[in-house]
Amino acid sequence: MFKRLSTKLLNITIASLCRTKQLEKAETAIIDGIRLGILPDVVTYNTLMTGYCRVVGFDAGYSILQRMKEAGVNPDVVTYNSLMAGANRQSSLFQCFDMLEEMLNMEIVPDLWSYNTLMHSFFRSRKPDEAYRVFQKIILQNISPCQATYNTLINGLCKNGYISNAVSLFRNLRSYGYLPEIITYNILINRLFKSGEFTSAMKLFDELRDSGYVPNAITYTTVMKYCFRRKYINKGLEFFFEMKSRGYTYDAFAYCTVVGALLKSGRIQDANKCMTNMVKNGYELDVVSYNTFINMYCKEGKLEDAYQLLDKAEKRGLDCDKYTHTILIDGLCKAGNIDGAKRHLNYMKMLGFDCLVALNCFINGLCEVGQIDYALKIFQSMDVKDSFTYSSLIQNLCRVKRFHQASKLLLSCIRAGMRILRSDQRAVVNGLNLLGLKNDAAKLAVEIQTAKLLHY
DNA sequence: CTAGGGTTAG
């Protein structure tokens, strides 16, 4: 009896340590427990495994499976659900599937959560048909879906372009005996915004309030973000004040959203005040918060402070991401430090990050200092480009009246199926006209129309 | 074990 109670206590300790990412301490606690004769059980290992999946990754989590077998503890359905979730977190459908198969081979019966996770994994990998088949399997096996099943389904349908199906599922939830939760609203509101349906999303937001729910931090952060995107800065800020008045400032998500918008709209002092408030709240900075801070310093022109912060983040053991480096490269370009930007870009490449946005910033920076031909050379060396890449070059080619080159780029952009700013298109056509090249201008206009027909 | 929110370039 005493021992069972102790294992329970051990498990609570491990859970708390894993939640706060203190894996080493969790390991120590297990060893200390064994010394005292408290043996870890399946729950101990499952908890530890979840921790490793979250903090390190799937492989690290999977290695726990070996350890538990060696310790003579048999894995159960939760073990495999946890591994499936770990695989899903790093978007590995095949590993998720492997885990399901391994579970079946071990004659462990999958439960609702196994299917929820598998469905989620299919949706994430853009396989909506397979995902839906998992849902049907749940129903056919007479397992009662839970709220999360429907939430996952609604989110996945939206993500894969079936918004109207998701909306009607949402509307029918009551008839299946489920009340939409706040999380269900949040999912649909976010997805409606993401697909450009601003008005419907805002309507659903009102409906959420009318249904007697109080929006939570996630609802507010979502709504704010898309208000800001539409340049409704003050409207977004009103929501921020409203959420603050409700006490929802326990994490950095809202602050980063607000500061990002303030920086974009040039309200740098306000951004600074906001960040100061965030720090005052005592929240420990994570990578995104650092990025936002670094971005602020760059916009203030304080590159040295920005680099000092990068240093601090790295010393704290945080893994900087592609945003961190892109922000710095853009900062260097905007400060006119092309050599520095080039150096940082090489460093970023060496680290293996996706450099598309950083390269776009660099191209922009090169054009800004008149090195268009160098920018074109970079452009040609890129194997992935987007409309931003084209846009910078087209605008700058127009600026120096190289309209023929601009029109070539414009056409290849549209032919590659990318949307491009109307103002860019006009600039090229008008430019040719201005030079008296009426025929070329007319021809380009026709070619643009034809290319668009094929793609939009 | 689980579903929803944040940061980059025109």
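Excluded from the calculations below are hydrogen atoms, water molecules and symmetry mates; all remaining heavy atoms, backbone and side chain alike, are included. Within every chain, numbering begins at 1; the chains are lettered A, B, ... in the order of the sequence lines, protein sequences first and strands thereafter.
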Practice problem: Between dG4(B), dA3(B), dC1(B), spot the one nearest the side chain of A148(A), thanks. | Solution: dA3(B)

Quick check on [N]: is either OP1 or OP2 less than 4.0 Å from any side-chain nitrogen or oxygen of [X]?
| X | N | result |
| --- | --- | --- |
| N155(A) | dG4(B) | yes |
| K299(A) | dT8(B) | no |
| K334(A) | dA9(B) | no |
| K225(A) | dG5(B) | no |
| R19(A) | dC1(B) | no |
| K264(A) | dT7(B) | no |
| R54(A) | dC1(B) | no |

Quiz item: With K159(A), which residues qualify under side chain to side chain donor-acceptor pair (under 3.5 Å), at least two apart?
Solution: none

Quiz item: Under 4.0 angstrom, heavy atoms only, what part of the nucleic acid is D424(A) near: base, sugar-phosphate, or nothing?
Solution: nothing

Quiz item: Base, sugar-phosphate alone, or nothing: which one does N46(A) contact when heavy atoms must sit under 4.0 Å apart?
Solution: nothing

Self-check item: Results of side-chain contact (heavy atoms from CB on, under 4.5 Å) for S265(A) - residues two or more places apart only
Solution: I233(A), R267(A)

Quiz item: Is there a donor-acceptor pair closer than 3.5 Å between any side-chain N or O of R316(A) and the backbone N or O of L285(A)?
Solution: yes

Quiz item: Can the ring centroids of F293(A) and Y290(A) be said to lie less than 6.0 angstrom from one another?
Solution: no

Practice problem: Please list, by residue number, the residues of residues 113-125 of chain A whose heavy atoms come closer than 4.0 Å to an atom of DNA chain B; answer none if no residue qualifies. | Solution: W113(A), H120(A)

